[in-house]
**Student:** 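Submitted below is the structure of interest, expressed as structure tokens.
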Amino acid sequence: FRYQDQKVYVASDLLVYHQEGVPRDFVVPDGFVVLDCDPRKRRTFKTWEEQRVPNVVFEFTSKSSRRSDEIFKPRTYAEIGVPEYFLYDPQGEYLEPRLQGFRLGGDGRYQPIAGDESGRLECRQLAVLLELDDSDELVIRDARSNEILLTEADANARKAADATAVANRLAEHNRLMEEELQRLRRQLDERQV
């Protein structure tokens, strides 16, 4: 929702081909973001055609993907020049800590991103902070405002809840006005008698 109407491509579980003419060379990030890139739908992402690589990759690790997420995929991401990648273990079974971030160094290797005093990890590429809430759910905050970024569905749900609250207040106001009108009519009727 943050990038609505902007030139930003956000995808999940999409084949990223990174070497023209070598169809075996691909990686499938759980999620990735490419800045300054046409947001149109794609069946695959070919780095040589796009003239871009993902700015950030997100991997949600599990028993079946742990080895790939921690060893093989990071090698590929480093080779193609992905500046940052993050690992998150939703079940808390495989990673300690459950949320980890890495930034590509000048030597072509990933360095761990240290958390701030609250344990939040900074994603410089997207200007966001990543953290786990009290129930260990991943939360993404704007790095400048510290506001939680909502998905489109969450933002729409919040708008709907706000609209419902306004409608309820308006209905209550109308009910009170109707009661006052009835009271004034009774007073007027009593004076006319």
Side-chain angles (χ1 to χ4, degrees), residues 1-14 16 18 27-42 45 47 50-62 65-66 68-70 73-92 94-106 108-162:
F1 194 65
R2 177 184 180 108
Y3 298 113
Q4 186 175 14
D5 301 324
Q6 294 184 41
K7 238 184 123 174
V8 176
Y9 183 64
V10 180
S12 63
D13 295 323
L14 191 75
V16 175
H18 51 89
V27 65
V28 184
D30 289 335
F32 65 96
V33 179
V34 187
L35 302 174
D36 194 28
C37 185
D38 185 356
R40 68 180 164 75
K41 291 191 184 290
R42 296 163 172 80
F45 190 90
T47 60
E50 304 287 347
Q51 295 294 299
R52 308 211 142 352
V53 298
N55 291 78
V56 182
V57 167
F58 298 92
E59 295 293 352
F60 297 85
T61 197
S62 65
S65 70
R66 181 180 184 189
S68 177
D69 292 343
E70 292 183 79
K73 284 183 174 182
R75 285 184 196 155
T76 301
Y77 298 148
E79 285 173 15
I80 66 175
V82 173
E84 294 177 320
Y85 87 96
F86 293 86
L87 292 171
Y88 171 50
D89 180 359
Q91 303 303 316
Y94 308 104
L95 292 178
E96 184 56 45
R98 291 173 71 159
L99 176 63
Q100 299 177 15
F102 302 89
R103 191 167 289 123
L104 195 59
R109 294 183 174 174
Y110 284 111
Q111 303 301 318
I113 298 172
D116 67 10
E117 64 281 350
S118 301
R120 297 180 296 195
L121 302 179
E122 178 188 23
C123 175
R124 290 181 185 161
Q125 292 290 308
L126 304 180
V128 297
L129 301 170
L130 293 96
E131 66 183 272
L132 300 181
D133 66 12
D134 293 338
S135 60
D136 289 323
E137 294 293 319
L138 182 61
V139 174
I140 302 174
R141 294 180 179 275
D142 181 274
R144 291 177 202 92
S145 69
N146 204 35
E147 288 183 33
I148 294 175
L149 301 178
L150 301 175
T151 64
E152 186 174 2
D154 289 341
N156 289 339
R158 182 174 282 178
K159 284 180 187 174
D162 290 347

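The structure displayed is predicted, hence computed values, not measured ones.
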**Student:** Calculate, to the nearest 0.5 Å, the distance between atoms CG and CD1 belonging to Leu130 and Ile113 respectively.
**Tutor:**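 Result: 8.5 Å between the selected atoms.
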**Student:** Mind checking the CG-CG spacing from Leu129 to Leu149? Nearest 0.5 Å is all I need.
**Tutor:** 9.5 Å
**Student:** Please report the shortest heavy-atom distance between Leu121 and Ala114, naming the atom on each side.
**Tutor:** CD2-C, 4.0 Å
**Student:** Strictly below 4.0 Å, N to O, side chains only: are Arg141 and Glu131 in salt-bridge contact?
**Tutor:** yes
**Student:** Strictly below 4.0 Å, N to O, side chains only: are Glu50 and Arg40 in salt-bridge contact?
**Tutor:**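 Yes, this pair counts.
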**Student:** Do Phe102 and Tyr77 have ring centroids that are under 6.0 Å from one another?
**Tutor:**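 No, too far apart.
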**Student:** Heavy atoms only: give me the nearest Gly108-Ala78 pair and the separation to one decimal.
**Tutor:**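 Closest approach of Gly108 to Ala78, heavy atoms only: O-CB, 3.6 Å.
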**Student:** Could you go step by step and tell me if Ser65 and Ser62 meet the side chain to side chain donor-acceptor pair (under 3.5 Å) rule?
**Tutor:** CA-CA 5 Å; Ser65 70; Ser62 65; 3.2 Å; yes
**Student:** Where is the tightest heavy-atom contact between Ser68 and Pro74, given as atom of each residue plus distance?
**Tutor:**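 Minimum heavy-atom separation between Ser68 and Pro74: O-CD, 3.7 Å.
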**Student:** When you look at Glu70 and Leu87, which way does the side-chain contact (heavy atoms from CB on, under 4.5 Å) test go after all the steps?
**Tutor:** CA-CA 8 Å; Glu70 292 183 79; Leu87 292 171; 4.1 Å; yes
**Student:** Could you tell me whether the side chain of Glu84 reaches within less than 4.5 Å of the side chain of Arg103, counting heavy atoms only?
**Tutor:** yes
**Student:** Could you measure the distance from the CG atom of Asp136 to the CZ atom of Arg98? Nearest 0.5 Å is fine.
**Tutor:** 4.0 Å
**Student:** Taking the side chain as C-beta and beyond, is there a heavy-atom pair between Thr61 and Asp30 under 4.5 Å?
**Tutor:**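 They are not in contact (no side-chain heavy atoms under 4.5 Å apart), so the answer is no.
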**Student:** Any chance you could measure Gln91, atom CD, to Phe60, atom CZ, to the nearest 0.5 Å?
**Tutor:**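 Gln91 CD to Phe60 CZ: 12.0 Å, rounded to 0.5 Å.
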**Student:** How close do Pro39 and Val8 get, counting heavy atoms only, and between which atoms?
**Tutor:**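 That closest heavy-atom pairing would be CB-O, 3.3 Å.
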**Student:** What's the separation between atom CG in Leu95 and atom CD in Gln100, rounded to the nearest 0.5 Å?
**Tutor:**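 Here the interatomic distance stands at 5.0 Å.
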**Student:** Take atom CZ in Arg42; do more than 12 heavy atoms of anything else shown fall under 6.0 Å from it?
**Tutor:** yes
**Student:** Please work out which of the three classes, parallel, tilted or perpendicular, describes the rings of Phe45 and Phe32, given edges at 30° and 60°.
**Tutor:**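 If you compare the ring of Phe32 with that of Phe45, the planes turn out perpendicular.
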**Student:** Say whether, by atom type as modelled, one donor and one acceptor occur between the side chain of Arg52 and the main chain of Val34 under 3.5 angstrom.
**Tutor:**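 No, the answer is negative, given that no donor and acceptor are paired below the 3.5 Å cut-off.
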**Student:** Given Val82 and His18, is the side-chain contact (heavy atoms from CB on, under 4.5 Å) satisfied, shown in steps?
**Tutor:** CA-CA 11 Å; Val82 173; His18 51 89; over 6 Å; no
**Student:** Just verifying a value: how many Å separate Leu35 CG and Tyr9 OH, rounded to the nearest 0.5 Å?
**Tutor:** 14.0 Å
